[in-house]
Amino acid sequence: MKQQLTLSIVGSGGDGAVAAGDILSMTCAREGLHVIKTEAYGPQIRGGESSCTVRLSSTPIFAQADTLDALVVFSWSDFGRFRTELVLGDDAVVLHDSDDPAPDEIASSPGRKVFAIPFTKMAREVGAPNGKNILALGAVSAIFGLPAEALRSAIKGRFKKKTAAVVEANLKAFEAGVAAGAALGIKNEGLQYKASTLKLLMSGNEASAVAAVDAGCRFFAGYPITPSSEILHFMAEWLPKLGGNCLQTEDELAAMGAVVGGSFAGVKSMTATSGPGLSLMSEMMGLASMAEIPAVIVNVQRGGPSTGLPTKSEQSDLMHAVYGGHGDMPRVVIAPVDVEDSYHATVEAFNIAEEFQLPVIVLTDQSIAQRRETLAADSLVHEVVERRLASPEDLKEFKRYRITPDGISPMSVPGMVGGMYQTNGLEHDESGRPSSMFVMHEEMNAKRYRKLDSIARKYRLFRRYGPEKADLGIICYGSSMGPVREAVDKLNASGQRVAAFVPRLLVPLPVQDIEKFVAQCDHILVAELTYSAQLYHYLRTQVDLPRGKTRVFARSGGRSLGVNEVIEQAMRTLVRTQEVEEVLA
Amino acid sequence: MAESTLKIGTAEVPKENRIGLKATDYHGGKSTLCAGCGHDAISNQIVRAFYEMSVKPERVAKFSGIGCSSKTPAYFLSRAHGFNAVHGRMPAIATGAMLANHHLLGIGVSGDGDTASIGLGQFMHMIRRNIPMIYIVENNGVYGLTKGQFSATADEGSKLKTGVINDLPPMDLCALAVQLGCGFVARGFAGDPKQMVNILKAAIAHNGLAVIDVISPCVTFNNHDGSTKSYTYAKEHDELLHQIGFVPSYEQIEVDYEPGEVKEVTMHDGSRIVLKKIEEAYDPTDATNALVRLKQAESAGQMLTGLVHLQPEKKSFMDLLHVVDEPLATLTLERTRPPREALDKIMQELM
């Protein structure tokens with residue numbers, strides 16, 4: 001029996017690989033299993049090859065698995081395009097369509113159990129010509145002991161808008177698959193689990209969108225861009241129902257401009273984009289920073305620069321998020337570490353933006369944003385901060401940009417009698433009047449930057465895993481938390497002493513907490529999905545990372561960090577250290 | 001030059017308007033533009049139009065981009081909120097603000113650089129969406145703030161002081177607006193304040209985007225011989241489409257003209273625009289004819305002014321969105337956060 005099972009289904013557009021993965025992951029989430037589901041597409045996004053990978057587990061999981069326990073292939077040429085990302089385990093079960101024989105390197109591996117099943121032919125025979133994905137689901141459920149009854153009802157649900165004949169044909173396809181799977185006579189592959197309370201199955205994009213709605217965001221403006229468009233879709237569907245407005249603009253300049261305008265007029269406002277859009281939004285983020293207008297920007301990172309890898313994850317917008325834009329431009333950057341955290345980080349982004357009147361970037365990436373994973377049904381709750389408007393006392397002699405110890409000045413909105421001021425991209429005095437005097441510019445820069453100090457004092461957002469004292473401490477951010485956390489657990493289980501530190505607030509950085517962590521670890525490994533080691537270089541601007549005890553593992557995105565990859569890097573650091581110590585001894 | 005306005009009702013202007021405010025309540029700060037700048041003449045007519053229309057100043061939101069024209073919101077309606085945005089991006093910011101609070105009366109002031117070059121895309125999309133507000137382009141054919149480079153509305157053959165001749169064709173913002181389906185397109189001239197104030201009043205009454213292209217000579221960089229945007233050249237080439245009169249909805253004035261001599265257009269709020277033909281019967285509700293007439297004027301070297309195109313019943317973006325009457329910005333906190341049941345419903349649909 002297995003504690004975990006990772007299965008991938010690969011086919012061309014129309015084969016239903018992703019649909020089958022959806023049904024399987026939703027069913028298992030309802031049964032209370034822990035699920036992570038990822039999809040992958042070729043660069044053309046629509047049409048072409050697609051794959052869907054589902055990891056099921058009876059214990060908590062934080063990343064997609066490194067290797068597959070099972071693989072269903074409708075077309076080997078499609079599988080070929082995913083060869084570098086879909087790695088078969090040595091004893092994996094492989095099911096493929098009899099029409100398309102398995103290549104030698106698949107079939108010849110000794111531990112593998114490779115079977116041809118006539119998916120296409122059987123589906124046609126039961127009257128469900130498009131149902132080979134459902135048939136494959138049936139086979140998989142028989143082999144691995146997955147909840148067949150729950151799958152049947154999920155299939156009924158999936159096709160409930162179609163005719164009764166379609167539902168019937170698909171159920172027949174499922175049964176035919178079950179029979180075919182059972183007939184293979186594979187033993188001891190069953191997944192061990194106990195049904196428990198239902199879990200939510202969500203993507204990071206959905207969690208961010210739900211968070212925005214929950215935080216009181218009632219205006220969203222965005223421009224479609226992979227891999228963030230699901231947020232726009234969600235907002236377009238739900239905001240009007242909740243009494244808000246969603247605007248699809250002509251480009252990201254306008255999206256960010258409209259967000260600044262909406263927030264200026266008094267409504268919590270948000271946009272969502274990816275790297276190429278963030279480049280365009282930088283101009284308006286500068287305006288929001290200068291004019292001190294709250295705004296939330298969810299940036300779902302993908303491979304870059306330029307059009308880059310639109311459907312793949314990378315963490316290389318970090319420097320742009322942290323420093324991008326001209327002038328001295330305070331902004332906040334908060335990086336969620338998983339799907340559930342996308343909810344909390346987005347609400348926190350609104351709370352910080354509204355209280356401190358500045359732009360806040362939620363720096364997530366494709367792997368969090370587009371994978372679906374399970375979370376506890378009651379986990380999406382977070383305290384919400386409301387915008388505080390100028391009091392009658394403030395309005396007596398209104399100074400929109402009053403210089404205060406914490407940098408926060410009274411804010412008014414259009415229509416407030418006595419709260420008039422000229423909102424400006426120009427440097428200005430306390431009342432908002434344009435000023436280009438050096439003294440005023442210095443005072444206002446100081447006031448705007450004091451807000452970051454206030455935020456750093458109030459919010460210490462980070463995750464820490466592993467023992468208090470460690471031989472090795474790994475620092476990473478965002479989606480790299482998942483593989484790093486699993487690697488840390490495995491390393492400690494095997495007798496190593498390894499800890500991890502994951503800052504969630506990147507600007508302002510929790511410097512003291514990082515320094516404390518560095519002091520607690522004999523050696524440091526910075527792990528990230530950027531070619532140029534952006535996180536490492538950024539950390540070094542503020543944190544003392546001694547060169548002698550720090551190693552960097554930075555590589556391009558396109559594939560998320562793997563658990564084994566992190567373990568290997570950690571062990572290299574540890575072993576090298578031991579070797580050095582042996583030499584010195 | 002023919003008289004550009006119709007005399008309707010009493011010409012006397014009261015000392016207080018209907019909401020008890022004086023004209024000075026609509027003033028702004030002191031202008032820092034060059035003496036004689038066309039933009040100041042436009043600001044003065046904005047003050048007058050808002051005063052005479054009895055608009056509560058606090059209800060007004062002023063928007064602008066960057067340029068000499070974009071500085072002018074500081075010179076009118078000090079009691080209104082203003083947002084001096086960045087270059088060419090005023091339409092997006094105003095769109096967001098108007099969606100957040102559609103009870104605001106928006107007025108955007110831009111220039112030919114801000115609108116026809118860096119902001120052209122946003123300008124066109126604002127027209128396409130028909131955001132209900134006024135959009136004034138103070139058009140002088142040059143970049144004044146950066147000391148006199150040609151803009152995209154400079155006429156072919158127009159000459160700079162330095163002798164440089166513009167060899168690219170001009171962009172006609174009125175024709176562009178008509179082509180994009182704008183429901184209110186007008187061209188004014190800073191040297192004709194009476195026509196300007198009537199156009200502005202009609203724009204205030206319009207439910208939808210009102211684009212007003214105003215030829216506004218730059219006395220410092222584009223008012224010399226050889227310029228086609230100088231006061232002298234504009235006066236000589238001003239071709240009036242009609243004489244304009246405006247009757248607000250609360251006035252029951254009968255217009256005292258012969259039948260067939262005038263054309264009346266009733267606005268969304270019940271006010272009336274009265275147009276008296278000058279030399280030809282011009283129907284501003286006919287978009288095709290408007291485009292033909294603009295093209296003819298361009299070929300003949302005329303500066304066509306008046307109400308170029310009107311479609312008072314065109315649905316605004318707010319009408320299309322079916323927004324509730326209460327602005328988002330003033331919804332109470334309890335109403336902006338969804339009840340738990342709404343969130344639960346969302347969760348169920350995600351499952």
Side-chain angles (χ1 to χ4, degrees), chain A residues 26 29-30 198 200-202 206 210 213-219 221 238 240-245 247 249-251 253-269 283-284 286-287 291 377 380 384 386 412-417 419-426 433-434, chain B residues 29 57-63 66 71 73-74 77-101 103-104 121-122 124-126 128-129 317 321-324 326-331 333 335-338 342-343 345-347 349-351:
Chain A
M26 270 189 195
R30 286 200 186 115
L198 166 148
L200 295 174
L201 184 71
M202 290 178 94
E206 287 165 344
V210 167
V213 165
D214 198 21
C217 169
R218 284 299 167 275
F219 181 59
W238 285 98
K241 292 182 191 171
L242 295 164
N245 280 327
L247 179 70
T249 55
E250 59 271 27
D251 56 30
L253 290 170
M256 189 62 210
V259 164
V260 170
S263 183
F264 154 77
V267 178
K268 287 186 179 182
S269 305
E283 180 191 45
M284 287 292 167
L287 175 62
L380 301 190
V384 169
E386 294 303 341
S412 65
V413 293
M416 271 180 93
V417 176
M420 284 43 193
Y421 70 104
Q422 186 87 2
T423 310
N424 236 309
L426 285 163
R433 270 189 301 270
Chain B
E58 286 82 1
R59 215 194 111 207
V60 178
K62 306 177 288 186
F63 301 98
I66 294 292
K71 291 162 74 174
L77 269 71
S78 283
R79 285 171 55 177
H81 263 79
F83 196 144
N84 181 199
V86 287
H87 202 18
R89 315 296 181 229
M90 177 261 276
I93 290 188
T95 298
M98 298 307 290
L99 282 170
N101 188 347
H103 284 192
L104 294 172
Q122 295 204 347
M124 290 168 72
H125 283 277
M126 187 178 219
R128 183 173 160 257
R129 290 194 188 99
F317 196 53
L321 283 180
H322 303 293
V323 293
V324 289
E326 170 130 35
L328 289 177
T330 58
L331 283 175
L333 302 183
R335 288 179 65 194
T336 53
R337 280 198 77 188
L343 275 185
K345 188 161 184 284
I346 294 173
M347 295 302 175
E349 296 213 4
L350 289 178
M351 291 299 287

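Numbered from 1 within each chain, the chains take letters A, B, ... in sequence-line order.
For chain A, the nearby part of B/Arg129 is the side chain; its heavy atoms alone come within less than 4.5 Å. Using a 4.5 Å cut-off between heavy atoms, A/Leu426 touches chain B through its side chain atoms alone. With a threshold of 4.5 angstrom between heavy atoms, A/Phe264 approaches chain B through side-chain atoms but not through N, CA, C or O. Contacts between A/Val259 and chain B at a heavy-atom distance below 4.5 Å are absent for every atom of the residue. If you measure heavy-atom distances from A/Ala221 to chain B, you find no contacts under 4.5 Å at all.
In terms of heavy-atom pairs under 4.5 angstrom with chain B, the leader among A/Lys241, A/Met416, A/Gln422, A/Glu250 is A/Glu250. The candidate with the highest count of non-hydrogen atom pairs below 4.5 Å against chain A, out of B/Gly121, B/Ala100, B/Ser78, B/Ala92, is B/Ala92. For chain A, the option among B/Val60, B/Leu104, B/Ile66, B/Thr95 with the highest count of heavy-atom pairs below 4.5 Å is B/Leu104. No other option in A/Gly425, A/Gly419, A/Pro434 has as many heavy-atom pairs under 4.5 Å with chain B as A/Gly419. Most heavy-atom pairs under 4.5 Å with chain B, from the set A/Gly257, A/Gly244, A/Ala377: that is A/Gly257.
Atoms CD and CZ, from A/Glu283 and B/Arg89 in turn, are 4.0 Å apart once rounded to the nearest 0.5 Å. Once rounded to the nearest 0.5 Å, the distance linking CZ of A/Phe219 with CG of B/Asn101 reads 12.5 Å. Atom NE2 in B/His322 sits 12.0 Å away from atom CG in A/Asn245 (nearest 0.5 Å).
Inter-residue side-chain proximity for A/Thr249 and B/His125 is flagged as unmet; no heavy-atom pair is nearer than 4.5 Å. Annotation: side chain of B/His81 is in contact with side chain of A/Ser412 (closest heavy-atom distance under 4.5 Å). Within the 4.5 Å cutoff, side-chain heavy atoms of A/Leu247 are placed close to those of B/Phe317. Annotation: side chain of A/Leu287 is in contact with side chain of B/Ile93 (closest heavy-atom distance under 4.5 Å).
Listed here is the closest heavy atom pair of B/Val86 and A/Met284: CG2-CE, 3.8 Å.
Heavy-atom neighbours of B/Arg79 CZ from other residues, nucleotides or ligands within 6.0 Å: above the threshold of 12.
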